[in-house]
Amino acid sequence: MDASKGKGDIVTQNPGGQMDRPYSFLESMLPKAVKRRVHALKRLQVQCANIEAKFYEEVHELERKYADMYQPIFEKRQDIVTGAVEPTDEESEWHSDREEEEELAEGLKEKAAIEDAKKEEATPGEDPKGIPEFWLTIFKRVDMLSDMLQEHDEPILKHLKDIQVRFSGPGQPMSFTLEFHFEPNGYFNNAVLTKVYKMKSEPDASDPFSFEGPEIIDCEGCQIDWHKGKDVTMKTIKKKQKHKGRGTVRTVTKQVPNDSFFNFFNPFKASQDGEMDEDSEFTLATDFEIGHFFRERIVPRAVLYFTGEALEDDESFEEEELEEGDEEEQDEEGDDDDDDDGDCDPKA
């Protein structure tokens, strides 16, 4: 069993419930005595699944323990991003291993330094605080997040100071909370917006063999206390109505939902009976995937998504998967060619 599976591969598929596992045709063909022994092995397999569930519960406890150790580092990151502290020369020292930077001619370095000095003279007093638009830049760079981002969201996300992950405490149901910390702004009163993802780590009694680790089963958002007229999740539309009797026309206004990243905090909820259509299942599964991505990738490696280096890693991983798929496809095509050759009659 791989410990990283529970940490990095939380199951998010099929939020509406498990599919019935088809009865094995091979099993149905077995002699009664052999089938009886197979059933005994299945009972042992269920015991393995229950032990595996306990294993993932302990992994969750380790995550919580180490989250406390990461926290001082992430707090220092927030201080630097917001400009609350200025890193020392020693803290800012970084040796890049990129050859093109190391081979940069001294003359070009001096020229760049002179140009920087001229810019500073031309704009006296202009000293950006911290790292401007740090989190907004990440949102724009990451496809999964930029797809949710609307133009009217950007001015608000400029006030985003930090994103943190909080794990449920000992003895509490397994969950994690995403906290979006904002500086005071003209859009809403909340200092922190939260999204809780509830998980379970236990085999489904009706389909224990489907267990693959902790599974996100539900999520809860929070109420945003918008300032008047600043709610970007709603928009006002005007509609003309004609009176049937008098024929007079009047214009009415109404509030309708609007596309916005901040709809993330008002998630789609699964029905109590677990019955959902395909679109609803996709919406819920996508929400779970985004929450997992924040937790596993964005928060721990924020600076690398800001610089784009993490994106390069992600693209390389995707290319590797694609190459493997291409190879399989080529193999299949090769098999088809062989079949065609076999069908040919050399005497024809």
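For reference, positions follow the sequence shown, starting with 1. Just so we're clear, the structure is a prediction, and the values are computed from it rather than from any experiment.
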Within the 4.5 Å heavy-atom criterion, are [X] and [Y] side-chain neighbours or not?
X	Y	result
E57	S201	yes
P203	V46	no
F182	V192	no
T82	D162	no
F176	E63	no
I224	N189	no
M199	H60	yes
F282	F268	no

Exercise: identify the closest heavy-atom pair between [X] and [Y]:
X	Y	answer
T194	F265	O-CD2, 3.5 Å
R141	F306	NE-O, 2.7 Å
V232	H152	CB-CD2, 3.6 Å
M148	D153	O-OD2, 3.9 Å
Q172	G169	OE1-N, 2.7 Å
R301	A310	NH1-CB, 4.1 Å

For [X], which residues count as a ring pair (Phe, Tyr, Trp, His ring centres under 6.0 Å) partner, sequence neighbours excluded?
X	value
H181	none
Y66	none
Y187	none

Tabulate below the donor-acceptor pairs under 3.5 Å that side-chain atoms of residues 69-81 make, not counting sequence neighbours, or state none.
from, atom 1, to, atom 2, distance (Å)
K76, NZ, E91, OE2, 2.8
R77, NH1, V299, O, 2.8
R77, NH2, V299, O, 3.1

Looking just at side-chain N and O atoms, do [X] and [Y] make a donor-acceptor pair shorter than 3.5 Å?
X	Y	answer
Y197	R295	no
Q164	R166	yes
D231	T233	yes
T307	E309	yes

Give, for atom [atom1] of [X] and atom [atom2] of [Y], the distance between the pair rounded to the nearest 0.5 Å.
X	Y	atom1	atom2	answer
K54	E202	NZ	CD	8.5 Å
R297	L304	CZ	CG	9.5 Å
D259	D147	CG	CG	11.5 Å

Under the side-chain hydrogen bond (donor to acceptor under 3.5 Å, both in side chains) test, residues paired with [X] that sit two or more places apart:
X	value
T236	Q255
K65	none
E86	none
E93	H95

L160-M144 co-clustered via ILVMFWY side chain contacts under 4.5 Å: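 In one cluster with L160: M144, yes.
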Electrostatic pair K198:E220 at N-O distance under 4.0 angstrom: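 E220 and K198: salt-bridged.
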With a cut-off of 3.5 Å and sequence neighbours excluded, list every side-chain donor-acceptor pair involving residues 131-139.
from, atom 1, to, atom 2, distance (Å)
W135, NE1, K161, O, 3.1
T137, OG1, E133, O, 2.6

Cation-aromatic face contact K195/F264, 6.0 Å, 45 degrees: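 K195 over F264 ring: yes.
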Worked verdict on Y305 versus I298 for side-chain contact (heavy atoms from CB on, under 4.5 Å): CA-CA 7 Å; Y305 280 98; I298 297 295; 4.1 Å; yes
Transitive ILVMFWY cluster of V196, excluding itself - 4.5 Å side-chain cut-off: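 So far as hydrophobic clustering goes, V196 is joined with none.
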Nonpolar side-chain network containing I237, other nodes, edges under 4.5 Å: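 In the cluster with I237 are V256.
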Ring centroid separation F293 to F288 under 6.0 Å: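 Not under 6.0 Å, so no.
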Within residues 213-238 or reaching into it, pairs that qualify as ring pair (Phe, Tyr, Trp, His ring centres under 6.0 Å) - sequence neighbours excluded: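 Sorted result for residues 213-238: F188-W226, W226-F262.
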For the backbone of [Y] and the side chain of [X], can you confirm whether one donor and one acceptor N or O come within less than 3.5 Å of each other?
X	Y	value
N190	Q223	yes
N266	N263	no
S168	P173	yes

side-chain contact (heavy atoms from CB on, under 4.5 Å) between K140 and E154, worked out: CA-CA 9 Å; K140 289 181 175 181; E154 294 186 17; 3.3 Å; yes
